[in-house]
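Below is one structure, written out as structure tokens; comments come after it.
Both backbone and side-chain heavy atoms feed into the values below; hydrogens, waters and symmetry mates do not.
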Amino acid sequence: METYAQRSIRHCLDMIAPFEASEPSAETGQRQFYQFMTSLYQGMYEEPEAYLVFPAPYEAHMARSKQKTASGKKEKEHVTDARESTLRNTFQQAIQFYATYFYQLGLNSAGLEESTGALVISQEEYEGVLGRMNRFHGAEHNAGRYRVLEKLGVRIHGGEGFIHVVHEKYDRAMIGLLYLCQAPDSKYKWMNYLRLDYKNAYSPAPAVEDICRTLTEESAMLVKRLEDNLAGMKVRAKIKPLRGIVSDFKWKVEYTCKGKNICGFYADREHFMLCVYFNHYENINAFAKVLFEEDRQLFLWFKEQFPERLCKCPSNRRVFFGEESRRICGLSNRAEVTDPGETDVENALRILRKYRNITG
């Protein structure tokens, strides 16, 4: 059975962009680094412990937590499980250790040695990279992780104050690494690196169609339906950059019109949540009254799309659906349609069209 850690590794593979070289002349080095990193994740999925990723502590903790779960009410509260968070961060940082290590090498390198394709980094900068890697959870395993890379073909040679890094098989892979690391600074640079997205590495931002290439065909079609319903409006898609590609991170896209979020989605290959924004909790109350009078069936569906939040934070708000009240997060003020079926999709689009006065 797949562990939580393996699920996160698989998620990393799912979120990697389809390979597309930035230009034909750069394809060899870019393809080699792409192949090396994807094969690393594939090997890690098959044998996590061999890569110093340890699923067992988290699995044991979650098994105990499930036994202690008593009521559904707890799911509506902001419950903090510090131990779960620490264990999750530990195995997720172990998964991303290898990508982060190469990223740090690329950022701090002095360039490439043309004759061998090796990445060149000063001894001082290299020691700085090792020091930063020691800040990871489970840093006591770092020496073993460097030995893993050696077994995978990474060779590190020192001399005259400089370190040379090259791969025995993928001898031009460091060219592909350096291309990503030398991209202009932007909020998407780290994300493009993690996703090995050579096509967008030097672009201002990815496009929604790039996201759809990592989703299931069903989810991609849902995004298209959403955008088709927005046709004719002056809408802009805002893509939130991913800080990681393990399983806690999903694509987040918000569509804005006249400076306000009107709809959006959260998605990966396993989940899809369609959101309709109302911008203020009082707008939800007002629209619920309209639906109650005009379309009772749609109203009944609508009121179930606002998850109840029983936290005591200052942003908690009470909204009303007819005579029924519910407490929601006043920071989001949105309907959340999770893993929608065909009827859910149509109802959400009807709500969006009606609330935003979208015709056609």
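The backbone N or O of A139 sits nowhere less than 3.5 Å from a side-chain atom of N134 that would complete a donor-acceptor pair. Judged by distance alone, the side chain of Q93 and the main-chain N or O of H137 form a donor-acceptor pair under 3.5 Å. A donor-acceptor distance shorter than 3.5 angstrom exists from the side chain of T86 to the backbone of A82, with no hydrogens or angles considered. Side-chain N or O atoms of N316 include none that pairs as donor or acceptor with a backbone N or O of C329 at under 3.5 Å. A distance-only check finds no donor-acceptor pair linking the side chain of D210 to the backbone of P206 [under 3.5 Å]. D339 places no side-chain N or O within 3.5 Å of a backbone atom of M273 that could act as its donor or acceptor partner.
Partners of E20 according to the side chain to side chain contact (heavy atoms under 4.5 Å, CB included) rule, which considers only residues two or more places apart in sequence or in another chain, are K199, R213. E336 pairs by the salt bridge (Lys or Arg N to Asp or Glu O under 4.0 Å) definition with R309, R334, not counting sequence neighbours.
Taking the six-membered ring wherever Trp is involved, the centroid distance between the rings of F287 and F321 does not fall below 6.0 Å. Taking the six-membered ring where the residue is Trp, the centroids of Y103 and W190 are separated by under 6.0 Å. Taking the centre of each ring, F306 and F302 come in below the 6.0 Å mark. The distance between the ring centers of F272 and Y266 does not fall below 6.0 angstrom. Taking the centre of each ring, F97 and H141 stay at or above the 6.0 Å mark. In this structure, the ring of Y4 has its center no less than 6.0 angstrom from the ring center of F91.
Residues Q42 and S39 bring no donor and acceptor atom of their side chains to less than 3.5 Å of each other. Counting only N and O atoms by type, the side chains of N279 and N261 include no donor and acceptor under 3.5 Å apart.
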Apply the test side chain to side chain donor-acceptor pair (under 3.5 Å) to residues Q92 and Q96: give CA-CA distance (whole Å), side-chain angles for both, the deciding distance (0.1 Å), then the verdict. CA-CA 6 Å; Q92 289 187 343; Q96 287 201 175; over 6 Å; no
Report task. Dump the intermediate steps for salt bridge (Lys or Arg N to Asp or Glu O under 4.0 Å) on E270 and R10, then the final yes or no. Result -> CA-CA 11 Å; E270 293 186 331; R10 178 166 54 82; 2.7 Å; yes
query: Is there a side-chain contact (heavy atoms from CB on, under 4.5 Å) between Y198 and L180 once you walk through the steps?
result: CA-CA 7 Å; Y198 289 100; L180 294 172; 3.5 Å; yes
Should D248 and H11 be marked as a side chain to side chain donor-acceptor pair (under 3.5 Å) after you check the CA-CA gap, both sets of side-chain angles, and the distance that decides it? CA-CA 9 Å; D248 285 346; H11 194 267; over 6 Å; no
TODO: Show the numbers, then the answer: is there a side-chain contact (heavy atoms from CB on, under 4.5 Å) between Y146 and I156?
DONE: CA-CA 10 Å; Y146 297 131; I156 297 178; over 6 Å; no
Pair D344-N347, side chain to side chain donor-acceptor pair (under 3.5 Å): steps then yes or no = CA-CA 5 Å; D344 297 314; N347 284 343; 5.2 Å; no
(request) Give the intermediate values and the outcome of side-chain contact (heavy atoms from CB on, under 4.5 Å) for residues Y355 and V276. (result) CA-CA 9 Å; Y355 182 68; V276 180; 5.5 Å; no
Report the C-alpha separation of D81 and H61 in whole Å, then their side-chain angles, then the decisive distance to 0.1 Å, and conclude whether the side-chain contact (heavy atoms from CB on, under 4.5 Å) test is met.
CA-CA 10 Å; D81 184 342; H61 178 79; 2.9 Å; yes
Legend entry - Pair W301-T343, side chain to side chain donor-acceptor pair (under 3.5 Å): steps then yes or no: CA-CA 10 Å; W301 178 88; T343 300; over 6 Å; no
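The side-chain heavy atoms of F102 and L105, taken from C-beta on, include a pair separated by under 4.5 Å. Considering only heavy atoms from C-beta on, P55 stays 4.5 Å or farther from Y58 through its side chain. Contact annotation: the side chain of Y255 approaches that of L226 to within less than 4.5 Å [non-hydrogen atoms, C-beta and beyond]. Looking at heavy atoms from C-beta onward, L152 lies in side-chain contact with Y51 at the 4.5 angstrom threshold. Annotation: side chain of R269 is not in contact with side chain of L13 (no heavy-atom distance under 4.5 Å). The shortest distance between side-chain heavy atoms of I95 and Y41 falls below 4.5 Å. By the 4.5 Å heavy-atom criterion applied to side chains, L107 and K189 are counted as neighbours. Side-chain contact between L119 and V166 is absent, with no heavy atoms from C-beta onward closer than 4.5 Å.
Shown here is Q297, whose CD atom has no more than 12 heavy atoms of other residues, nucleotides or ligands within 6.0 Å. By the 6.0 Å contact criterion, CZ on R243 is open, its count of non-hydrogen atoms from other residues, nucleotides or ligands being 12 or less. The neighbour count for E47 CD, taken as heavy atoms of other residues, nucleotides or ligands under 6.0 Å away, does not exceed 12. Atom CE of M233 is surrounded by more than 12 heavy atoms from other residues, nucleotides or ligands within 6.0 Å. Surrounding CD of E324 are more than 12 heavy atoms belonging to other residues, nucleotides or ligands, all under 6.0 Å away. More than 12 heavy atoms of other residues, nucleotides or ligands sit less than 6.0 Å from atom CZ of R225. Shown here is K250, whose NZ atom has more than 12 heavy atoms of other residues, nucleotides or ligands within 6.0 Å.
Atom CD1 of residue I284 and atom CG of residue N333 lie 5.0 Å apart, to the nearest 0.5 angstrom.
One finds a salt bridge joining K354 and E294 here, because a Lys/Arg side-chain nitrogen approaches an Asp/Glu carboxylate oxygen to under 4.0 Å. A salt bridge between R155 and E150 is absent, with no side-chain N of the basic residue lying under 4.0 Å from a carboxylate O of the acidic one. Salt bridge present: R88 and E84 bring a charged side-chain N and a carboxylate O closer than 4.0 Å. A salt bridge links R353 with E346: the closest approach of a Lys/Arg side-chain nitrogen to an acidic carboxylate oxygen falls below 4.0 angstrom. The pair K240-E254 does not count as a salt bridge, with every side-chain nitrogen at least 4.0 angstrom from each carboxylate oxygen.
Under a cutoff of 6.0 Å and an axis angle of 45°, R195 and Y193 do not form a cation-pi pair.
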Under 3.5 Å, sequence neighbours excluded: what are the donor-acceptor pairs made by side chains of residues 22-33?
from : atom 1 : to   : atom 2 : distance (Å)
S22  : OG     : Q30  : NE2    : 2.8
S22  : OG     : Y179 : OH     : 3.4
E23  : OE2    : S25  : OG     : 2.6
E27  : OE2    : R31  : NE     : 3.3
E27  : OE2    : R31  : NH2    : 2.7
Q30  : OE1    : S22  : N      : 2.9
Q32  : OE1    : D171 : N      : 3.2
Q32  : OE1    : R172 : N      : 2.7
Q32  : OE1    : A173 : N      : 3.2

